[in-house]
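Positions are given from 1 along the sequence.
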Amino acid sequence: MGQRWKEMSENKKQKYNRRCEKMKREYNAKLIKYLDQLDEEEKQRFIVANKIKVLKNPLDRYRRQPGEPTMPAQSGFIYFFKEQSEHLSKNIPHKDRMDMARKLWYGLSAKEKSLYAKIIQGNLEKYREDLQNWFQTLTPEEKGAYLKRKPGKKVYLEKSKHVKKSLKQPSDEEGEHEEDDNEMDY
């Protein structure tokens with residue numbers, strides 16, 4: 001069985017992995033639905049008797065809410081690999097394409113890599129704006145629950161003039177507003 005898996009194409013493996021994930025989600029949903037029917041004492045007995053590991057909110061921290069913008073990739077290599085994948089043959093296994101791209105990536109100069117850093121910065125700024133706009137549509141209760149579940153997103157919800165300035169060209173007026181750089185609006 002293991003040998004067949006090793007010889008299987010990446011597309012088929014992905015198909016089976018997606019199917020497996022779907023089955024896991026369905027199982028967990030059914031299990032939670034069943035457990036919700038039991039009182040706390042019965043639920044605990046059932047969990048212990050069957051040696052079930054139950055998460056209260058499975059992967060809730062990673063689940064996106066409807067309309068929530070998707071966080072962009074924060075690695076220049078990801079963008080480089082996507083670019084290289086367009087040029088490399090699809091007949092080459094994914095792992096080999098990744099290795100080839102990795103070797104090319106390490107061969108790039110700092111100047112060439114900085115182009116990808118600019119792409120990342122632009123994408124993060126767009127994400128920051130999209131997340132702030134989406135966050136404003138939430139009720140105060142939803143905002144509190146969101147920040148409790150995803151405290152790391154607070155960084156992107158802060159209205160920092162410093163980050164926006166770093167994308168602009170330096171101007172003669174930059175020194176005049178230094179005290180504003182440290183202020184953050186929520």
Side-chain angles (χ1 to χ4, degrees), residues 5-6 8-22 24-25 58-138 143 146-175 177-178 180-186:
W5 180 258
K6 288 178 184 177
M8 194 177 294
S9 72
E10 286 297 318
N11 287 339
K12 277 196 169 186
K13 285 181 183 179
Q14 287 178 0
K15 179 181 170 185
Y16 282 110
N17 285 333
R18 283 192 300 268
R19 188 170 154 204
C20 180
E21 286 300 316
K22 181 182 176 190
K24 282 181 185 178
R25 283 192 304 271
L59 304 177
D60 190 39
R61 181 175 169 217
Y62 301 105
R63 191 172 295 137
R64 286 189 309 126
Q65 291 186 323
E68 180 183 357
T70 305
M71 177 83 147
Q74 295 181 43
S75 167
F77 177 74
I78 299 296
Y79 297 101
F80 178 76
F81 177 70
K82 284 180 185 177
E83 197 176 88
Q84 292 302 310
S85 290
E86 294 172 8
H87 304 296
L88 296 173
S89 172
K90 297 295 179 190
N91 296 332
I92 301 171
H94 179 78
K95 184 180 178 190
D96 293 340
R97 278 184 284 158
M98 186 70 93
D99 288 340
M100 293 168 77
R102 188 177 296 113
K103 288 175 186 172
L104 290 171
W105 174 255
Y106 286 126
L108 291 180
S109 68
K111 185 177 180 181
E112 291 171 313
K113 287 182 181 180
S114 72
L115 298 174
Y116 294 99
K118 289 178 184 176
I119 292 170
I120 293 168
Q121 186 66 29
N123 288 346
L124 283 175
E125 278 303 314
K126 183 178 181 336
Y127 172 73
R128 177 188 296 270
E129 291 172 15
D130 292 347
L131 186 66
Q132 288 172 354
N133 292 336
W134 171 81
F135 191 73
Q136 294 306 315
T137 65
L138 302 177
K143 287 179 181 180
Y146 180 77
L147 289 174
K148 184 177 180 183
R149 206 172 73 248
K150 297 184 178 184
K153 297 292 184 174
K154 192 173 183 179
V155 172
Y156 299 102
L157 294 169
E158 295 171 345
K159 295 178 182 172
S160 171
K161 296 175 186 176
H162 178 52
V163 174
K164 291 179 184 176
K165 265 190 182 178
S166 68
L167 295 177
K168 295 180 182 177
Q169 293 292 330
S171 69
D172 296 335
E173 308 161 3
E174 243 181 51
H177 303 289
E178 284 180 5
D180 292 346
D181 286 348
N182 296 328
E183 292 179 16
M184 303 217 179
D185 301 325
Y186 295 99

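Interatomic distance, Lys103 NZ to Gln84 CD, rounded to the nearest 0.5 Å: 14.0 Å. Note: Tyr146 OH to Lys154 NZ = 13.5 Å, rounded to the nearest 0.5 Å. We find the OG1-NZ distance between Thr137 and Lys143 to be 8.0 Å, quoted to the nearest 0.5 Å. In this structure, the separation between CG on Leu131 and NZ on Lys126 is 11.5 Å, given to the nearest 0.5 Å. Atom NE2 of His94 is separated from atom OG of Ser9 by 13.0 Å, given to the nearest 0.5 angstrom. Note that CH2 of Trp5 and NZ of Lys13 are 6.5 Å apart. Values are rounded to the nearest 0.5 Å.
For the pair Asp130 and Thr70, the minimum side-chain heavy-atom distance is 4.5 Å or more. Between Phe81 and Leu104 the shortest side-chain heavy-atom distance does not fall below 4.5 Å. Between Pro72 and Leu124, the closest side-chain pair of non-hydrogen atoms falls below 4.5 Å.
Under the rule for a side-chain contact (heavy atoms from CB on, under 4.5 Å), the partners of Lys82 that lie at least two apart in sequence or sit in another chain are Ile78. Legend: residues meeting ring pair (Phe, Tyr, Trp, His ring centres under 6.0 Å) with Tyr16, ordered by chain and number and at least two apart, are absent. With sequence neighbours left out, Glu68 forms a salt bridge (charged side-chain N to carboxylate O under 4.0 Å, His left out) with Lys150. Residues meeting the side chain to side chain donor-acceptor pair (under 3.5 Å) test with Lys113, sequence neighbours left out: none. Under the side chain to side chain donor-acceptor pair (under 3.5 Å) criterion, Glu83 pairs with Tyr116, not counting sequence neighbours. With sequence neighbours excluded, no residue forms a side chain to side chain donor-acceptor pair (under 3.5 Å) with Ser75. Not counting sequence neighbours, Ala117 has no partner by the side-chain contact (heavy atoms from CB on, under 4.5 Å) test. Under the side chain to side chain donor-acceptor pair (under 3.5 Å) criterion, Arg102 pairs with Asp99, not counting sequence neighbours. Take Glu86 and apply the salt bridge (charged side-chain N to carboxylate O under 4.0 Å, His left out) test, not counting sequence neighbours, and it matches no residue. With sequence neighbours excluded, no residue forms a salt bridge (charged side-chain N to carboxylate O under 4.0 Å, His left out) with Lys153. With sequence neighbours left out, Pro93 forms a side-chain contact (heavy atoms from CB on, under 4.5 Å) with Asp96. For Asn133, there are no side-chain contact (heavy atoms from CB on, under 4.5 Å) partners, not counting sequence neighbours.
A side-chain donor-acceptor contact under 3.5 Å links Arg128 to the backbone of Val155. Using modelled atom types, one side-chain atom of Gln132 and one backbone atom of Glu158 make a donor-acceptor pair closer than 3.5 Å.
Between Tyr127 and Tyr156, the ring planes lie perpendicular to each other; the angle is over 60°, past the 30° to 60° tilted range.
Aromatic rings from Trp105 and Tyr79 are positioned such that their centres are separated by 6.0 Å or more.
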